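Inspection log for the structure reproduced underneath, given as structure tokens.
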Amino acid sequence: PLSQPYNDVKAGNSINVGFNYGRRIKRNFSIESGIRYMAGKSLIATNVYSYNHRTGNVSTFLESNYLSKGTTVFDNTVISSGGDIDNDYTFLMVPLQLGYHVPLTDKLEAAFLAGISGDIIINNVFDNISEGGSKLTSANSAYKTINLSGMGGMKVNYLVRENWQLSIGTNVQQTLTSG
């Protein structure tokens, strides 16, 4: 099996923090947008590496594929034993979501959300080790600056004042366009 090439991005974890601004459209419906920062980490399982015979640099094939073509023109592909490589990424996101609100008490409500997000890549670091690795951005790689994701989620809102709510919740996000 190790002689067959593979690059598999495994599911990882991320954290989102941000600020949302919303407006009620009707009693139970709302529209909201804002800005969010996302930092995440996953593993890439691979047995395919790229070797540059002029510089001696060895990187994952996936990493080499996304670097600007001028730096990797002399790379050769090598298949070897498999391994897991760190894949750390950060995005700035601008979501647009529609919400349906279900009152639970006078000050507490549940909200169900669905929408899209414009995701702006800040960087993606492959093989995050002290000896090397690549910090890829849209400026130095083949990554697109802006990507599109679909979103869905649920949260609980607590009415602090007439126009202010404190929210806690969870969401699922799936990339719609390849970065």
Side-chain angles (χ1 to χ4, degrees), residues 6-46 60 62-63 66 83-130 133-179:
Y6 65 87
N7 278 302
D8 184 27
V9 179
K10 297 180 178 181
N13 295 312
S14 68
I15 186 162
N16 272 306
V17 291
F19 177 79
N20 283 354
Y21 177 79
R23 282 214 75 63
R24 290 288 173 130
I25 299 171
K26 300 256 184 188
R27 177 187 157 124
N28 291 348
F29 292 94
S30 69
I31 188 167
E32 65 180 53
S33 186
I35 192 160
R36 296 188 342 208
Y37 173 81
M38 181 183 75
K41 180 178 213 138
S42 64
L43 290 174
I44 299 173
T46 188
T60 67
L62 188 64
E63 179 181 358
Y66 278 106
D84 289 337
I85 293 124
D86 283 337
N87 179 31
D88 300 336
Y89 47 90
T90 54
F91 285 91
L92 191 61
M93 303 181 325
V94 181
L96 178 62
Q97 299 181 98
L98 295 174
Y100 179 73
H101 302 262
V102 178
L104 303 174
T105 67
D106 287 345
K107 291 193 171 227
L108 198 63
E109 71 179 7
F112 303 93
L113 305 164
I116 58 171
S117 176
D119 307 330
I120 303 162
I121 186 168
I122 297 172
N123 70 45
N124 192 116
V125 179
F126 285 117
D127 208 10
N128 196 7
I129 55 176
S130 56
S134 293
K135 182 176 181 179
L136 306 178
T137 65
S138 60
N140 72 355
S141 71
Y143 279 122
K144 294 179 186 173
T145 304
I146 298 177
N147 301 289
L148 192 62
S149 293
M151 300 174 61
M154 186 178 116
K155 64 182 179 177
V156 176
N157 299 326
Y158 178 76
L159 186 62
V160 178
R161 294 169 77 184
E162 184 179 341
N163 292 322
W164 289 90
Q165 292 178 333
L166 183 61
S167 300
I168 188 165
T170 184
N171 72 54
V172 175
Q173 185 166 339
Q174 177 64 44
T175 301
L176 299 175
T177 59
S178 173

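What you see is a predicted model, and the numbers here were worked out from it, not measured in a lab. One-based numbering along the sequence shown. As a basis for the values below, the full set of heavy atoms in this structure was taken, side chains included, without hydrogen atoms, waters or symmetry mates.
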Item to complete: With rounding to the nearest 0.5 Å, note down the distance linking OG in S149 to CD in Q174.
Response: 7.5 Å
Worksheet item: Of the non-hydrogen atoms in N20 and K155, which two are nearest, and what is the gap between them?
Response: ND2-NZ, 4.3 Å
Discussion item. Does any part of the side chain of T90, heavy atoms only, come nearer than 4.5 Å to the side chain of Y37, both counted from C-beta?
Written reply: yes
Worksheet entry | Approximate separation, where rounding is to 0.5 Å, of R23 CZ and N163 CG | 8.0 Å
Discussion item. Rounded to the nearest 0.5 Å, what separates atom CG in N157 from atom CD1 in I168?
Written reply: 11.0 Å
Worksheet item: How close do N16 and M93 get, heavy atom to heavy atom, and via which atoms?
Response: OD1-CE, 3.1 Å
Worksheet item: So how far is it from I15 CD1 to K41 NZ, rounded to the nearest 0.5 Å?
Response: 14.0 Å
Worksheet item: Measuring from I122:CD1 to L92:CG, what's the distance to the nearest 0.5 Å?
Response: 5.0 Å
Worksheet item: So I31 and L96, side-chain contact (heavy atoms from CB on, under 4.5 Å) or not? Walk me through it.
Response: CA-CA 7 Å; I31 188 167; L96 178 62; 4.0 Å; yes
Worksheet item: Of the non-hydrogen atoms in P95 and M151, which two are nearest, and what is the gap between them?
Response: CB-SD, 3.8 Å
Response to the item:
Tightest non-hydrogen contact, residues P103 and E109, listed as CA-CB, 4.0 Å
Item to complete: Kindly write out the residues that satisfy side-chain hydrogen bond (donor to acceptor under 3.5 Å, both in side chains) with S33, not counting sequence neighbours, or none if the list is empty.
Response: none
Practice prompt. Kindly indicate whether the side chain of Q173, heavy atoms from C-beta on, has any atom under 4.5 Å from the side chain of D119.
Written response: yes
Worksheet item: Do the side chains of Y89 and M38 get nearer than 4.5 Å, heavy atoms only?
Response: yes
Worksheet entry | For the student: nearest non-hydrogen atoms of I121 and K144, plus distance | CG2-O, 3.4 Å
Worksheet item: With a 4.5 Å limit on heavy-atom distance, are the side chains of L113 and N171 in contact?
Response: no
Practice prompt. Tell me, please, which residues at least two apart from S42 pass side-chain hydrogen bond (donor to acceptor under 3.5 Å, both in side chains).
Written response: N87
Item to complete: Search all heavy atoms of A111 against all heavy atoms of H101 and return the closest pair with its distance.
Response: CB-ND1, 3.5 Å
Discussion item. How long is the straight-line distance from OG1 of T177 back to CD1 of I116, given to the nearest 0.5 Å?
Written reply: 10.5 Å
